[in-house]
Amino acid sequence: MTDKTATFTELYMSRYLLAGLAMLASASGLGAQQRATPVQPTVIRNATVLTVTQGTLESTDVLLENGRIARIGRNVQAPSGARIVDGTGKYLLPGIIDAHSHAMSDAINEGSLSVTSMTRIQDVLNPTAGNLYRILAGGVTTLHILHGSANSIGGQNAVVKLKFGRSLDEMMFPGAMPGIKFALGENPKRASRAPQRGETARYPATRMGVEAVIRDAFTRARDYKRDWDEYRAAVARRDARAVPPRRDLELEPLVEIIEGKRWVHAHSYRSDEILMLLQLADEFGFRIRTLQHVLEGFKVASEIAAHGAMASTFADNWSYKIEAYDAIPHNAAVMTSHGVVVSLNSDSDERARRMNIEAAKMVKYGGLSDDEALKLVTYNPALQLGIQDRVGSIEVGKDADVVLWSQHPLSVYAVAEMTFIDGEVFFDRSQEATRLARLEQERRELEQAEPNRGPAPAAARGAGSNRQGGSR
Amino acid sequence: MRRAPRYLALALGAALTAAVAAPIGAQAYQVTSVGDQGTYVIRGARIVTLNGPDIENGTVVIRNGRIEAVGASVQVPANARLIEAAGLTVYPGMMDAATNMGLVEIPQGANPTVDLSEPGDFNPQARAIVAIHPHSQHFAVSRMVGVTSVVSMPRGGLIAGQAATINLAGSANADFALTPHAALVINLPRTGGGGFGFGGGFGGFGGGGSNQANRDKQLADLRSILRDAESYGRAHAAYAADRRLPRPAEDVVLASLVPYVRGERPVIFGADRAADIRSAVQFATEMNLKPIIMGGTEAYLVTDLLRQRDVPVILTSVLRQPAREDDPYSLNYETAGKLHRAGVRFSISTGNDGSSVRDLPFHAGMASAHGLPKGEALKAVTLAPAQIMNVADRIGSIEVGKVANIVVTDGDLLEPRTNTRYLFIDGRPIELTSRHEELYKEFRDRKRPVITP
């Protein structure tokens with residue numbers, strides 16, 4: 001028994017060691033090398049280009065060069081050494097942006113307090129999470145990764161490009177606006193989580209308490225900002241007695257919100273809590289950037305538009321809990337018609353692989369046009385994250401984050417064939433068999449590697465088990 | 001593909017066909033959401049029959065709940081209500097053979113709306129048909145996309161209870177039951193050691209595997225109750241034949257098992273991993289049960305066995321994430337195609353509790369995008385589940401004599417942009433509305449109150 005335990009411990013330790021070394025390698029040497037190598041240019045020939053912002057271009061070539069969309073047109077000349085992709089009969093769409101994801105997060109909720117603005121989701125991201133490749137294969141190139149919804153004011157967000165196989169540094173979206181998660185309703189009042197024995201109930205327990213928690217936090221943040229403003233003013237007039245206030249990592253992000261330097265992405269369901277937050281934000285002089293989920297947004301779309309908030313919702317997910325019972329699939333269309341910038345999101349690594357279908361549903365429910373539906377998963381989420389000058393549409397000068405689809409991406413029969421990010425191929429369906437063979441070989445080599453060998457036969461003998469190994 | 005005028009030529013139809021009386025359209029549906037079993041004619045549509053070739057410009061006659069005639073040149077009966085369906089397509093309604101429809105309205109935080117599972121391991125007496133809430137909002141929402149029938153089943157334990165095959169319209173179970181006692185639902189204890197989670201979900205793949213000793217005991221208990229039911233059935237049969245014999249006691253639990261242990265009705269086994277599918281088939285063979293595999297994630301590894309024993313699969317895993325990190329990304333998308341090519345009988349299901357059953361066409365569509373021919377994808381959500389659940393004599397195709405579960409669309413039934421234009425369940429026209437449509441109408445034009453200072 002002890003022998004066996006020891007062997008397993010060794011095994012796991014060595015695995016972590018290997019993984020750690022691999023990460024070090026990719027973070028330092030390898031990553032740097034990859035960056036130094038110029039990216040092979042690509043010309044996609046004769047595709048139907050769904051620009052999203054400039055309409056649909058038939059039989060069009062697109063040149064991806066130096067990480068950007070360099071040219072769009074007919075008979076585009078290919079630079080020497082360019083990869084030529086035949087797009088005949090296929091559709092080129094900007095990479096899909098998933099506006100609410102928890103992919104690659106090793107932790108989601110710091111649920112011990114109801115205000116955890118000091119925490120950062122960036123600190124717990126795992127760039128090697130296997131789901132990322134599947135999401136890439138669904139034509140997604142950018143993820144908005146959010147803290148969970150356990151807290152009235154949650155942690156800071158991260159926006160990443162889905163450069164699977166690279167270091168986290170290379171994945172972080174440069175220039176994305178800093179953001180933070182807020183949450184209203186059932187989750188921050190911990191409706192589905194009864195306190196365990198010996199545990200005191202966490203405040204707040206009602207929607208009244210959620211409002212009060214946020215109000216209290218911003219009241220403190222406003223004071224904290226005054227302290228700093230006064231200090232800076234004193235320094236400016238060369239007051240030798242000026243003493244800097246004590247830094248507060250909880251309140252700093254909230255001051256950034258008040259100053260418009262950090263955007264709020266607020267998980268919300270019911271119309272009353274949506275209005276509560278909009279009114280509170282108005283009172284403290286900041287704007288909610290996006291309401292997330294916002295399943296009853298259709299009931300107060302006019303108020304959302306007036307405040308200037310955007311909205312990121314599900315296509316048609318409903319009835320999974322009480323506050324989702326009035327959700328309707330027309331939500332995106334109604335908010336759009338009231339002038340709200342709407343995106344669709346997955347909030348699920350499974351759904352993230354088929355956001356094109358989620359968008360297509362919105363043509364049926366509420367009558368959005370094909371272009372409006374496509375915007376829900378491309379340009380609009382880009383706008384919500386402040387990255388619309390870089391991604392979200394196919395325009396010259398933008399990042400070469402594009403996906404070639406076998407059919408119109410609003411068709412259920414469409415599959416993503418190639419996913420490009422910054423002009424590099426990160427998913428290529430035609431190379432899938434080769435990739436799988438390579439993985440299989442790597443697995444065999446790892447299994448045969450000295451540190452990964454199973455327990456010695458002597459140790460395994462006895463306990464009548466042959467339960468090891470795969471169960472296929 | 002879309003947006004053919006909805007009530008095009010209704011008046012025209014009446015004028016051209018003297019025999020035809022009231023044209024039907026939205027106006028006809030205002031009073032009740034479910035209309036009469038009258039005589040209806042759908043004319044000029046493409047008809048996807050499923051049991052034969054498509055009819056490009058055909059007519060379907062519905063009378064007293066049944067399909068009375070189908071074809072390219074069909075006499076339009078007098079006094080029929082006419083739907084001019086040029087540019088539209090007629091399909092049989094879809095069927096999802098693995099749901100908990102009507103047994104749960106809101107799964108989280110609303111326990112009073114949840115009637116899914118009883119405590120304990122053996123609950124064959126728990127019958128979905130007596131607890132399906134006919135006014136669940138999930139019914140209308142599902143049928144909006146053309147799902148007209150489902151199998152609804154309890155969950156949990158080793159014997160979860162009995163599933164019902166139902167139509168998605170009706171106020172009493174006598175209205176909507178197609179087969180009130182459609183199948184027994186068994187979740188065999190999983191094979192193998194613990195620790196290999198499948199990510200939760202429907203059927204027998206949640207949580208860790210049980211240890212071998214516990215599994216052996218559970219299997220022994222299961223065999224024991226099934227054998228008790230056999231004996232019980234024999235004793236009662238003998239007593240029925242000869243009243244001089246001692247009268248055997250009545251037992252609700254054992255009595256409910258009798259038709260299943262006699263092989264008169266099928267048993268649905270929740271099983272996803274290859275080893276669990278094999279052990280379910282072996283167990284069914286040993287106990288003379290008629291197995292259906294529900295789940296079927298790894299059914300592609302067991303195709304020879306499934307084909308040889310003619311065991312059908314209700315595949316609920318099309319959209320599920322592959323279990324292992326190094327599995328091909330498209331592994332579960334491709335399984336339906338593999339089963340088709342291997343000659344295994346299967347249907348595609350959402351495996352959903354109810355609210356997302358409306359995604360059924362997209363499960364089938366995704367399978368089609370990854371190797372399942374389009375026609376087979378359609379069959380996997382219409383005729384195939386009807387055959388697996390032994391209701392293909394009544395539903396699953398546009399065929400004379402069958403129950404008129406019919407959906408008329410403006411495009412490919414499996415495409416998300418397609419709209420349902422007309423819907424019939426049990427030969428009754430169904431108003432195309434739901435809680436969602438009603439809330440949409442109520443709020444879509446709402447403006448915020450203008451506050452004057």
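Remember, predicted model here, so these are calculated numbers, not experimental data. Within every chain, numbering begins at 1; the chains are lettered A, B, ... in the order of the sequence lines, protein sequences first and strands thereafter.
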Check each atom of [X] against the heavy atoms of chain B and say whether the ones under 4.5 Å are side chain, backbone, both or neither.
{"X": "A:Y325", "answer": "both"}
{"X": "A:D316", "answer": "both"}
{"X": "A:R353", "answer": "both"}
{"X": "A:A327", "answer": "backbone"}
{"X": "A:V334", "answer": "side chain"}
{"X": "A:E432", "answer": "side chain"}
{"X": "A:L436", "answer": "side chain"}

Do [X] and [Y] have side-chain heavy atoms sitting under 4.5 Å apart?
{"X": "A:Y413", "Y": "B:K374", "answer": "yes"}
{"X": "B:S356", "Y": "A:N317", "answer": "yes"}
{"X": "B:E325", "Y": "A:Y133", "answer": "no"}
{"X": "B:L331", "Y": "A:R134", "answer": "no"}

Quiz item: Looking at B:P328, B:A110, B:S330, which one has more heavy-atom pairs under 4.5 Å with chain A than the rest?
Solution: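 Looking at each of B:P328, B:A110, B:S330 in turn, B:P328 comes out on top.
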
Residue pair [X] / [Y]: nearest heavy atoms and the distance that separates them:
{"X": "B:D326", "Y": "A:L439", "answer": "CB-CD1, 4.4 Å"}
{"X": "B:Q108", "Y": "A:Y320", "answer": "CB-O, 3.2 Å"}
{"X": "A:V300", "Y": "B:R446", "answer": "CA-NH1, 3.7 Å"}
{"X": "B:P416", "Y": "A:V412", "answer": "CD-CB, 3.7 Å"}
{"X": "A:K364", "Y": "B:T418", "answer": "CD-O, 3.1 Å"}

Self-check item: Donor-acceptor contact below 3.5 Å, side chain B:R417 vs main chain A:A360
Solution: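 Answer holds: no.
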
Practice problem: Using atom types as modelled and distance alone, determine if a side-chain donor or acceptor of A:S319 lies under 3.5 Å from a backbone N or O of B:E105. | Solution: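 Present.
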
Under 4.5 Å from any heavy atom of chain A, what part of [X] do you find: side chain, backbone, both or neither?
{"X": "B:V145", "answer": "side chain"}
{"X": "B:V141", "answer": "side chain"}
{"X": "B:E442", "answer": "neither"}

Working to the nearest 0.5 angstrom, can you tell me the gap between [X] [atom1] and [Y] [atom2]?
{"X": "B:D359", "Y": "A:R354", "atom1": "CG", "atom2": "CZ", "result": "5.5 Å"}
{"X": "A:R351", "Y": "B:Q321", "atom1": "CZ", "atom2": "CD", "result": "11.5 Å"}
{"X": "B:R448", "Y": "A:H307", "atom1": "CZ", "atom2": "NE2", "result": "12.0 Å"}
{"X": "A:E296", "Y": "B:F443", "atom1": "CD", "atom2": "CZ", "result": "8.0 Å"}
{"X": "B:Y329", "Y": "A:R429", "atom1": "OH", "atom2": "CZ", "result": "4.0 Å"}

Exercise. Could you check which of A:A414, A:A373, A:A129, A:G130 has the highest count of heavy-atom pairs closer than 4.5 Å to chain B?
Key: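 Sorted descending by pairs with chain B, the first entry is A:G130.
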
Practice problem: Specify which of A:K361, A:Q407, A:K321, A:K299 makes the most heavy-atom pairs with chain B at under 4.5 Å. | Solution: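 Option with the greatest count: A:K299.
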
Practice problem: Run through B:E438, B:E437, B:H436, B:R444 and flag the one making a side-chain contact (heavy atoms from CB on, under 4.5 Å) with A:I328. | Solution: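 Only one option passes, and that is B:H436.
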
Practice problem: Would you verify whether the NZ or CZ of B:R358 falls within 45 degrees of the ring axis of A:Y365 while also being under 6.0 Å from that six-membered ring's centre? | Solution: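 Yes.
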
Exercise. Fit a plane to each ring of A:W318 and B:H138, take the angle between them on a 0 to 90° scale, and name the class: parallel (under 30°), tilted (30 to 60°) or perpendicular (over 60°).
Key: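 Aromatic pair A:W318/B:H138 classed perpendicular.
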
